[in-house]
Novice: 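Got a structure for you, written out below as structure tokens; questions coming shortly.
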Amino acid sequence: MLPERLEKPYDFRETEERIYKKWEESGYFNPDNLPPRHKEPFSIIMPPPNVTGILHMGHAAMLVIEDIMIRSERMRGKKTLWLPGTDHAAIATQSKVEKILEKEGIRKRDLTRDEFFKRAEQFAQESHDTIVNQVRKMGASVDWSREAFTLDKKRSLAVRTAFKRMYEEGLIYRGNRIVNWDPKGQTTISDDEVEHKETKGKLYTFKYSHDFPIPIATTRPETKIGDTGVAVHPNGKWKEYIGKQFMIKDFVGYELNIKIIADESVDEGFGTGAVGLTPAHSQTDWHIAEKNNLPIKQVINGHAKINSGPLEGKKTLEAREEIVEWLKKNNLFEKEEEMVQNISVAERSGGTIEPLPKLQWFIAVNKEFTKEDGGKTTLKKLMREAVESGAIKIIPERFEKIYYHWIDNLRDWCISRQILYGHQIPVWYCLLSTCTDKEIMYNPQTNRMVVPRSEKIKPIVSIEKPEGCPRCGVKELHQDPDTLDTWFSSGLWTFSTLGWPDKNSLDLKNYHPTSVLETGYDILFFWVARMILMSEYFLGEVPFKTVYLHGLVRDAKGQKMSKSIGNIVDPIDMIAKYGADATRMSLVIGAPAGSDISLSEDKIKGYKHFGNKLWNIARFILLHTEEMGDESGQPATLALKDKEYIAEMENLIRDVTEALASYRFHIAGEALYHYVWHTLADKIIEESKAVFAGDDELLKKSRAQTLGTLLRNSLLMLHPFMPFITEELWSIAQKKDSGETGETNKPKLLIIESWPHQS
RNA sequence: GCGCCCUUAGCUCAAUGGUAGAGCGUUCCCUUCACACGGGAAAGGCCGAAAGUUCGAUCCUUUCAGGGCGCACCA
């Protein structure tokens, strides 16, 4: 007798939604509700998807791998917490909202800060709802009761608390330094958000004036009106001029005052062996200028235009042409050569980065401070040591090298952004003239200080809005209009989600450090490194013990998925067509840690067929056996052949368990796939048909029991990979069981069943 | 420039110090009472090139070629 539900082919559309609901109602996603055998905590905090739209295959891959870990650990008796959330994604969300407003014919400047913020929140909410729905569809066994958002109230308190503490320690400071200015987005961005693109450029060689002895080579003539020095090699061909100062009365109508200085970094072999220094518009030059006390002369403004003099208002490229023309006309031009150069581009907006000096907030990564144990360290050291000591293991290991390399090149992190959507910096200013000696222009409508931002206005850093100015007592204070880099709040993610800054939080005690962080290798620096920094600093412990990095999901030809190529495979479409189980399998098998996954619809379809196969295996087995087998082990009466089958299964259990423990999910998945199809179905079941057609009752009984055990273990181990169909089959097999033994046996959900024993 | 990865079946990719696998595709046979979303059979790979280590290498080492990626203040 076949159970009724097995008579029909497997219908994932009907099943998946029903099963997910059943899991949610069971409460088992929440570790607090797990049965008492679940003691040892196992926690993963989900990398929060950006609330900028919908989930893509990369997110799907992330969800699957994390769910496999959570489900298998839950079955192995761990107290599993998988905490979900979303990220407000500051710049990314803001630019999306701006585009939407643009379509509605609304300009950003027509809205107040609050109005804009409301629109952004509304968009974020809609996007959040879509994402949550998608996460459910994937079958992710996350604890919704603990869901978090990087910009909600609790996280905001964490951010402000963190900011204040770091400020008081001197690790957050406000400084006038060269930043990566994005003229298109009108904001600073961090070094990591800058992409270097190879482009064809020209190297121009010229002299400032006929009296000036040294020719200079440059790719950006427009910046040369901001030159205040020339660097040459201390022992090079120009050394006789070191220390001399030259006044150039007319350089394209500008007056230059150039000092020749020596610097080891000058490459004699490149260009003319002399570098024209533009401290205000080049990171390198800034440092050399600082060492040599050269003045800093800003000539380009935030709109990438010349800010003064005869060329005022000209765009950089226009100014470049005019300067080259002027040089040629005045016989100062020597030559121009084609060359490949790297141009800096803002990752989000695509704008060409203009290095500019600006008054911004930074995190000092090289500044020494005293740890709780009295030892001295820096944030950079904390980040390095966490991995070096082995406290954090990165999988695959090769990314550890990449991580160190990044840390070694790390400079102070600019955290202030001139955008509206995000955590507003918890800093207030008193603008009364008694508290500052500079006049401030302030636009109350936009809550923006127009200019000049000044170091002379003293910041008042506070978690909550201060009652009044601590110096003059005046009530009216103005909050810094800038918001924080989105990675500042996500850096706190592993502990801000667990109750920090409340140090008595039970969740924080139980689940931090988290067990595993699983994410794409593309945000190793952006995010993983920042979490290590924050957790080490604020809690003195690692945020996670293991980092598992997955690759990018690419199309069938290995190309990056993108809208312009039109090769995007949408997880939700695939779930609708082939089911979540099939989609999950396709993202695990053939996808080892750290390497890119190439995905095709055919691959997903293949795993849908596998689901069908599994369904029919269960049909066959349940047709011939009374029960699926239980934990009590093998009866002594098993036939020889059946003992072999059981032994084979035990090997599989060992292999799969080991593969999972070593984070080789693709191996585990493939082993199961291969066993179920090509061993259980093709060999064992085929051979069993003859057994059941025969008349040896003992043999039949032995085989039926064996098949029941094989099915049982297959379902158990496949569950983390294909949770829906396995749970459904489990419930069917259980029902048959309890139907015969009476109704007191409440069927147990597969989700909390015990992982098969290894012998 | 520094560093990392990849090169395996027609395509996209796994695995492994000792007979090489998956998905899709190709050829032939079979509607047999789990499944045609199936079964059976088959074709197809000197595992990028060369040298070395080893009883033995696709796997380890070195060099080379091609491809990809990360980082970087070549003015």
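Reckoned from all heavy atoms, side chains included, excluding hydrogens, waters and symmetry mates.
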Novice: Quiz question: going by heavy-atom distance under 3.5 Å, is there a donor-acceptor pair between the base of B:rA34 and the side chain of A:Glu7?
Specialist: no
Novice: Checking A:Phe665 against A:Tyr548 for the ring pair (Phe, Tyr, Trp, His ring centres under 6.0 Å) test, could you report, in this order, the C-alpha distance in whole Å, the side-chain angles of both residues, the deciding distance, and whether it holds?
Specialist: CA-CA 11 Å; A:Phe665 309 109; A:Tyr548 178 97; 5.3 Å; yes
Novice: Which value, in whole Å, describes the distance between the C1' atoms of nucleotides B:rG66 and B:rG25?
Specialist: 27 Å
Novice: Which nucleotide wins on minimum distance to the side chain of A:Arg664, given the candidates B:rU16, B:rG40, B:rC35?
Specialist: B:rU16
Novice: Nearest to the A:His674 side chain among B:rA22, B:rA34, B:rG39, which nucleotide is it?
Specialist: B:rA22
Novice: Considering just the side-chain nitrogens and oxygens of A:His666, establish if one lies under 4.0 Å of OP1 or OP2 belonging to B:rA15.
Specialist: yes
Novice: Quick one: label A:Ile685 by what it contacts on the DNA or RNA (base, sugar-phosphate, nothing), any heavy atom closer than 4.0 Å.
Specialist: base
Novice: Tell me, please, whether A:Phe362 has A:Arg177 positioned over its six-membered ring: NZ or CZ under 6.0 Å from the ring centre and within 45 degrees of its axis?
Specialist: yes
Novice: Could I get a table of every N or O pair under 3.5 Å where one atom is in the protein and the other is in nucleotides 23-26 of chain B?
Specialist:
unit_1: B:rG23; atom_1: OP1; unit_2: A:Tyr673; atom_2: OH; d: 3.1
unit_1: B:rC24; atom_1: O2'; unit_2: A:Asp602; atom_2: OD2; d: 3.0

Novice: Which value, in whole Å, describes the distance between the C1' atoms of nucleotides B:rU7 and B:rA50?
Specialist: 15 Å
Novice: Determine the interatomic distance between C1' on B:rC60 and the same-named atom on B:rA42; round to the nearest Å.
Specialist: 36 Å
Novice: Expressed as a whole number of Å, how far does the C1' atom of B:rG39 sit from that of B:rA49?
Specialist: 43 Å
Novice: I'd like to compare against my own output: the B/S/- annotation of nucleotides 70-75 of chain B with a strict under-4.0 Å heavy-atom distance to protein.
Specialist: BSBBBB
Novice: What is the distance, rounded to the nearest whole Å, between atom CH2 of A:Trp615 and atom P of B:rC35?
Specialist: 14 Å
Novice: Using the ring-ring contact (aromatic ring centres under 6.0 Å, His included) definition, which of the options A:Tyr673, A:Tyr578, A:Trp677 pairs with A:Tyr607?
Specialist: A:Tyr673
Novice: Considering only heavy atoms and no angle criterion, is a donor-acceptor pair shorter than 3.5 Å present between the side chain of A:Lys401 and the base of B:rC4?
Specialist: no
Novice: A:Glu648 and side-chain contact (heavy atoms from CB on, under 4.5 Å): which single residue from A:Ile653, A:Leu710, A:Ile684 fits?
Specialist: A:Ile684
Novice: Looking for any heavy atom pair under 4.0 Å, which part of the strands does A:Lys613 touch: base, sugar-phosphate only, or nothing?
Specialist: base
Novice: Distance check needed: B:rA15 P versus A:Glu658 CD, whole Å only.
Specialist: 17 Å
Novice: Using the C1' atom on both, measure B:rU58 against B:rA14 and round to a whole Å.
Specialist: 13 Å
Novice: What interatomic distance, in whole Å, is found between C1' of B:rC47 and the corresponding atom of B:rA57?
Specialist: 11 Å
Novice: So A:Tyr10 and A:Trp615, would you call those rings parallel, tilted or perpendicular, with 30° and 60° as cut-offs?
Specialist: tilted
Novice: Roughly how many Å apart are B:rA43 and B:rU53, using the C1' atom of each and rounding to a whole number?
Specialist: 37 Å
Novice: Between B:rA72 and B:rG18, how many Å separate the two C1' atoms, rounded to a whole number?
Specialist: 45 Å
Novice: In plain terms, say whether A:Glu7 and A:Arg619 are close enough for a salt bridge, that is, a side-chain N and a carboxylate O under 4.0 Å apart.
Specialist: no
Novice: At under 4.0 Å between heavy atoms, what does A:Ala681 touch on the DNA or RNA strands: base, sugar-phosphate, or nothing?
Specialist: base
Novice: Tell me the stems RNA chain B sits in, counting at least three consecutive Watson-Crick or G-U wobble pairs, each under 3.5 Å on both distances.
Specialist: B:1-7 with B:65-71, B:10-13 with B:21-24, B:26-30 with B:38-42, B:48-52 with B:60-64
Novice: How long is the line joining CG of A:Asp682 and C1' of B:rG40, in whole Å?
Specialist: 10 Å
Novice: Checking all strands, does A:Ser586 fall into the base, sugar-phosphate, or nothing category for heavy-atom contacts under 4.0 angstrom?
Specialist: nothing
